[in-house]
Amino acid sequence: MTSTVDTPTTPRTDLAPGVAHLTVPRTSRVLPEHGTALRRALSHAAAERAARSRPATAATDTPGEPCTRPFEPAFELPADDEWLTEFFAVTDLRFAPLGRVGNSRLVLLDLMGNPGTLTVKTLASHVIVARAVRHTETTGEPVMLVTPSSANKATALRDAVLRAYRTGLATPAELRIVSLVPDASRAKLWSSALSEDAELAERNPLCVLDADHPAHVKELVARAADLCAEEIRSRYGFRLWHTLDLDNYRCADAVRAFAERDALPGAPGVTRTHAHAVSSAFGLLGHHFGTTLLPEGPTAPQYFLVQHAATPDMVLSLYGTRPPAYRTDPVTGLHHQDSDLHHPATTFSPAEDLEPTFYTRSPATSPAMNALIRGNGGGGIVVSLHECLQRYGQTRALLARGGIALPAAPRDLREWSLVMVTTGVLLAVERGLLTTDEIVLHASGSYGVDDFTPPPADRLRSIGGLADLCRAVHDAAAAPR
């Protein structure tokens, strides 16, 4: 299918019988329904990396010898058994009908089924941990994950590590994690046994970068992993795995396409757009990767990006534009613009940070996403807090049809991703930026103050810079097994 960004199409109102009208929610289990396909995605990713002359595994390094390249486990999962199935039990996907928005049929793809995280990061985190478990099974080497995060990735990975302990896939002697989040994300951190149990907290520190030290958590973790890996391995035996790599996420996100093909197959001539609140669009790139592993569908998927003003880089890159100039209303204090439909018409601040989950600037994934959207159709929009609040009641009522309960008071919301993408879709339809037969709303995160307990303040480790982070990694590795 050939299209351009935001090219309008005429939505069909007489959808064909083969479109699979979803009238009730449908759950799709990763294991056992998509286990074979997930393993195929992992194998395919490993082959692609090998073809690019990048190692698909570091397991061939000789144990006891210094690391010569960044470590990553093989793209393999442990053998299927009841323990692995139990481990993955919280990773299910769910499709639910939401009715119509304009002329488009709206379907919720709920990726937040794990009550211990309520975030899309659950499945990818479980795949990462399962690969670490497989490495230990085959080599005897323990693995320590190290990850930067704006909050949700750390919560999900820590939850997956804890589930590995509880399901018997690993012990603290075999698997640990060090996480670093920015100070702005403190209010989004979830407590668990990894924080509340003193011994587990020592082995799995949750670190917070001091507000007075503006170094980016991604850069800091990458430097610490590179600097500490050899010594951590030689002194303590742990392989240090810096997990922030697109392939670690796109294999898991490919499952979205597998589940969609089963639960919501397309029909010839019917356009479908996948909408997602994004920072780097790992999830949509993973969905596309999944479609390449399936028989060709009747129509190519379209993708629609929703961002906020603090990091609008993917939308700006897509259209080759800059943020519009705003004029301030001296009476209301609001900022207004009407020159660009892809940006907020009204905002409290032209540079507001609506959701700190989205903190990546100039993501390396923009060129790939631009190519997909320019080739197959789709688009993007930036939304403001003011716009989200204006439509909060409508959004809450709409999502309730799909079994999602937003807090009655928006001030109680701590994760705005789902509200952002819903608001973005509503605005885009109103403005004529999104005209498609079907919209799949990727629910990537939503939780309020009543959904979680913050970790004890004394269990958060303050980090001032690289030396502090390296010390935290060493302390975690040195903790008794």
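Along the sequence shown, the residues carry numbers beginning at 1. All of these numbers come straight from a predicted model, not from anything done at the bench.
- Note: H386 and F348 have perpendicular aromatic rings, judged against thresholds of 30 and 60 degrees for the angle between ring planes.
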Run the numbers on H44 and R49 for side chain to side chain donor-acceptor pair (under 3.5 Å), then give the verdict.
CA-CA 9 Å; H44 192 88; R49 291 170 82 84; over 6 Å; no
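- In terms of heavy atoms, S195 sits closest to R158 at OG-NH2, 2.9 Å.
- Annotation for L413 and S446: closest pair CD1-OG, 4.1 Å, computed over non-hydrogen atoms.
- Classification of the H34-F258 ring pair by plane angle, with boundaries at 30° and 60°, yields tilted.
- Heavy atoms only, all atoms of each residue included: L180 and L220 are closest at CD2-CD2, 3.8 Å.
- Here the shortest heavy-atom pairing between N152 and E415 reads ND2-OE1, 2.8 Å.
- Taking the ring centre of Y249 as origin, the terminal cationic atom of K121 falls inside the region bounded by 6.0 Å and 45° from the ring axis.
- Under the side-chain contact (heavy atoms from CB on, under 4.5 Å) test applied with W241, the options T147, I177, I128 reduce to a single match, I128.
- Remark: R223 does not engage D226 in a salt bridge, criterion side-chain N to carboxylate O under 4.0 Å.
- Relative to the six-membered ring of F95, R26 misses at least one condition, a distance below 6.0 Å or an angle of at most 45° to the axis.
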With side chain to side chain donor-acceptor pair (under 3.5 Å) as the criterion, how do T138 and H135 come out once you've worked through the C-alpha distance, each side chain's angles and the decisive distance to 0.1 Å?
CA-CA 5 Å; T138 56; H135 177 81; 4.9 Å; no
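- Note that R203 lies outside the cation-pi zone of F238, set by a 6.0 Å cut-off to the ring centre and a 45° limit from the axis.
- Shown here for G379 and L318, the closest heavy-atom pair between the two residues is C-CD2, 3.7 Å.
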